[in-house]
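Numbered from 1 within each chain, the chains take letters A, B, ... in sequence-line order. Any value given below was found using the heavy atoms of this structure, including those in side chains, with hydrogens, waters and symmetry copies removed.
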Amino acid sequence: MLLPASLPPMLQRIVDPQAPPADVGFFGPIGVPLIYTIVKLLIVFTVYMVGVALLTLAERKISAWIQDRLGPNRVIKGWGQPLADGVKNFMKEETLPDAANKPLFLLAPAMAFIPALTVWAVIPFAAPLPLRWGRMDMVLADLPIGYLYILALASLGVFGVVLAGWASNNKYALLGGLRSSAQMVSYEIAMGMSTVPILLLAGDVSLSTIVRQQEQNGWYVLTLTVACFIFIVSAFAETNRLPFDLPEAESELIAGYHTEYSAMKFSLFFIAEYANMVTASALMATLFFGGWTVPFWHAVNNAPWAWWKTAITLGAFLFKVLFFLFFYMWIRWTLPRFRYDQLMSLGWKILLPLTIGYVVVIAGATLGLDALGVPRTPWHGWPVYSLCLLALNIGLIGLLFVVADRGRLISPASARVRAAELARLRAVRQRSTLAHEATSGAGD
Amino acid sequence: MPIGVKVLARPIDEVSYVRAAVKGMALTFKHLINPHKVTVQYPEHRDPLSPRWRGTHRMLTTEDGTAKCVACGLCPAVCPANCIKLVPGEDENGNRYPLVFEIDEFRCIFCGYCQEVCPEEAIHVGRHYENSEYSRDGFVYDLERLMAQTHPVCEMWDPADPKGE
C-alpha cells in the first residue's frame with residue numbers, strides 16, 4: 001500500500017500494514033493501539049447494544065412462528081418494536097419497595113448487566129484488518145488468559161441476580177435468587193471442566209490460539225463433541241434460559257428475582273439476559289465452531305490480510321453467533337422447564353462426572369496418539385489426529401445418547417418404588433375409608 | 001408418600017431425554033418454517049359475524065323517524081339482567097311512547113329476550129361488538145343513541161327454520 005506524500009515523515013516509517021502497530025507510533029508508543037481500541041470499543045458496543053435490542057424482537061418473532069402466530073407487526077412492520085419497548089420502559093414508573101435494601105436494590109441491575117458486556121472483550125470476531133498505521137486485530141483485548149477471564153467474569157453475573165433477589169425483600173424474589181445462585185454455581189463447574197479438553201488439544205487458553213488451532217486441525221465440535229454438548233447445556237444454565245430458567249420461573253415464582261423491578265431497571269435485567277446469550281453464543285462459536293474462520297477456505301483465514309478477508313470472516317462469525325442465538329430461542333420454545341431436583345441432579349450427578357470422565361478419556365486418547373507418533377497437525381493433507389478423535393467421539397455420543405439416555409439423564413416425576421413398598425402402599429390404600437368411598441362412588 | 005398417590009413404574013427402555021428433545025425440536029422447526037396460519041389481522045380484516053350474532057342494541061324507527069316502541073313494558077319485564085329502564089308516556093291521541101328508554105350495556109347479558117318479546121319489533125340486538133368507551137357512563141345507551149345505531153340487527157332463531165336456511 002502506497003502512502004500519500006502529505007503524511008508526516010514519522011508515519012511514513014510504518015509502511016507494513018500487516019504488522020501490529022505496537023512498536024512505533026504517530027501519537028507515541030501506545031498511541032495507535034489505544035486509538036484502535038477506542039474505535040473498536042465504540043463500534044462493538046454500539047453494534048452489541050443494537051443487536052441485543054433487535055434480539056428481543058427476534059425472540060418474539062421466532063416464538064410466534066413456532067407457535068403459528070405472526071408476532072409483533074405493527075410498529076414499522078414490527079421493526080420498531082424494540083424502540084417502542086425502550087420508550088415504554090423509560091416512561092414507566094420506577095418502583096422502589098419500602099422494605100428493600102436501597103443501595104443493593106439499585107446496584108443489582110448493573111451487577112447483572114456489566115459482566116455480560118465485559119466478557120465480550122476477549123472474543124476475536126474477524127480476521128485482522130490491515131490499515132496504513134499497522135494491523136488492527138479484530139478483538140478488543142487479546143488476553144493471554146483467554147477463556148479463563150470469561151469463566152471468571154461470567155461467574156460474577158450471579159451476583160446481580162442474587163443481590164436483586166435478596167435486596168427486594170420479597171419471598172419470591174429471594175427464592176429466585178437462591179435458586180439461581182445454586183444453579184449457576186453448579187453449572188459453572190461443569191462448564192469450566194468441559195473446556196479442559198480444549199486446553200488439552202490447543203495447549204493454550206488464548207482464544208486467538210484456539211481459533212487458529214481449529215483452522216488447522218478441524219473444529220473442536222468434531223474432535224470434542226461431548227465437551228461441546230456439555231458446554232452448550234451448561235451455557236444454557238448459566239444464562240438462565242429455558243429449560244433452565246428456574247430463577248424466574250413465572251408459574252412458580254411470579255418473576256423470580258426481578259419481581260420487584262419495573263421500568264428501566266427491569267429492562268436492564270432483560271438486556272443482561274440477552275447480552276449473556278450473545279456472549280455465550282459467541283463463546284460456543286469460538287471454542288467449538290472455529291470462531292471467525294471460514295471452513296475449507298484457508299486463503300481467507302490466513303495472512304496476508306486484506307479488508308475483504310476481514311469482511312468475509314466477520315460475516316462468518318456473525319452467522320455462527322446468530323445461529324446459536326436462534327438455537328437458544330428454538331430450545332426455549334420447545335422444551336419445558338426442569339424441576340429443581342432434576343436440575344441439581346443433572347448438574348452434579350450427570351454433567352460433572354461426565355466431564356471429568358471425558359477429560360480422562362481425551363487425555364488418554366491424546367497421550368496414546370502422541371505415543372503412537374501421530375502428528376497433531378495435518379499429515380499429508382489429512383488431519384489423521386482429528387479423525388481419530390472424531391471416531392472416538394462418535395462412539396461416545398452413541399453411548400451417551402442411545403445407551404445411557406434411557407430414563408436416567410433426567411430423573412422421573414416420581415422416584416422409583418421398590419415392588420415390596422408398592423404392594424404395601426396399595427394395601428394401605430385398600431384399607432383406607434377414602435378409597436372405599438371412592439370405589440363405591442365410582443361403582444354407582 | 002401420601003396414601004392414594006398412584007405410582008407407576010416407568011418404562012425405562014422407552015424413556016429418553018435427549019432423543020425426545022430432538023424430536024420436539026424437529027416438530028417446532030416444522031412449525032417455524034411452515035406455520036399453520038390462523039391469525040386474522042383484526043382492525044384491517046374482520047371475519048363476518050353470524051346472522052344470529054347478538055350484540056349492541058338498536059331501536060328501529062318508523063318512517064317518520066320516531067321509535068317503534070310503544071312502551072308496553074314487556075322487555076324490562078322479560079329482561080333477566082334487569083338492564084332496561086322504561087318510563088312510559090302517552091300523547092294526546094292516547095298513543096303510548098317511551099319517555100325514558102335506557103339500556104345498560106354493562107348489565108346486559110345479550111340473551112336477546114327483549115327482541116324476541118317485543119310485539120312491535122322495535123328493540124333489537126345487533127350484529128356489532130365494538131363498543132368501548134372512555135367512561136363507564138358511556139355504556140348506558142339512551143333512546144336517542146339506540147335509534148342512532150345503524151348496524152344490521154340479529155336474525156333470531158326461527159323454530160320453523162332451525163338451521164337458518
Side-chain angles (χ1 to χ4, degrees), chain A residues 61-71 73-74 229 233 243 326-327 329-336 338 342 346 350 397-398 400-419 421-435 437-439, chain B residues 1-50 53 55-56 105 110 127-139 150-151:
Chain A
K61 272 292 190 188
I62 287 173
S63 75
W65 292 332
I66 282 178
Q67 296 168 355
D68 292 348
R69 295 182 287 114
L70 294 176
N73 62 352
R74 289 289 142 168
F229 176 74
V233 172
F326 167 72
F327 188 70
M329 293 170 189
W330 186 14
I331 291 269
R332 170 167 183 180
W333 298 103
T334 304
L335 300 181
F338 285 126
Q342 289 174 334
L346 180 70
I350 294 172
I397 282 289
L400 182 63
F401 292 163
V402 181
V403 181
D405 183 23
R406 297 229 182 261
R408 297 184 195 92
L409 286 191
I410 309 297
S411 54
S414 62
R416 302 265 294 152
V417 182
R418 275 174 288 115
E421 179 73 1
L422 193 62
R424 192 188 64 81
L425 285 168
R426 289 201 168 132
V428 168
R429 186 171 185 279
Q430 284 297 311
R431 284 196 302 274
S432 81
T433 47
L434 263 175
E437 276 165 24
T439 36
Chain B
M1 179 166 291
I3 295 164
V5 172
K6 200 171 181 184
V7 180
L8 291 176
R10 282 160 63 96
I12 287 294
D13 289 342
E14 296 160 27
V15 173
S16 74
Y17 188 80
V18 178
R19 281 167 298 146
V22 170
K23 212 193 255 176
M25 287 175 71
L27 182 74
T28 48
F29 193 74
K30 219 180 282 167
H31 279 264
L32 179 79
I33 54 173
N34 189 16
H36 171 61
K37 284 179 185 151
V38 290
T39 308
V40 175
Q41 290 293 335
Y42 161 63
E44 291 91 31
H45 177 260
R46 292 147 201 237
D47 275 355
L49 294 177
S50 155
W53 179 275
T56 318
E105 299 282 335
F110 298 101
R127 279 136 69 176
H128 179 262
Y129 52 87
E130 289 155 318
N131 31 16
S132 50
E133 293 282 343
Y134 283 101
S135 83
R136 297 181 68 87
D137 306 335
F139 286 95
T150 54
H151 54 257

What is the distance from atom CG of B:Leu49 to atom NE2 of B:His128, rounded to the nearest 0.5 Å?
9.5 Å
How far does NE2 of B:His31 sit from OG1 of B:Thr28, to the nearest 0.5 angstrom?
8.5 Å
Pair count under 4.5 Å, heavy atoms only, with chain A: among B:Met25, B:His36, B:Gln41, highest is B:Met25
Taking side chain as everything from C-beta outward and backbone as N, CA, C, O, which of these in A:Leu335 sits under 4.5 Å from a heavy atom of chain B? Side chain, backbone, both or neither.
side chain
Examine distances only and state if a side-chain atom of B:Arg19 and a backbone atom of A:Phe401 form a donor-acceptor pair shorter than 3.5 Å.
yes
Check: A:Ile62 and A:Trp330 side chains under 4.5 Å, non-hydrogen atoms
no
Could you tell me which of A:Phe229, A:Trp333, A:Phe326 has the largest number of non-hydrogen atom pairs under 4.5 Å with chain B?
A:Phe326
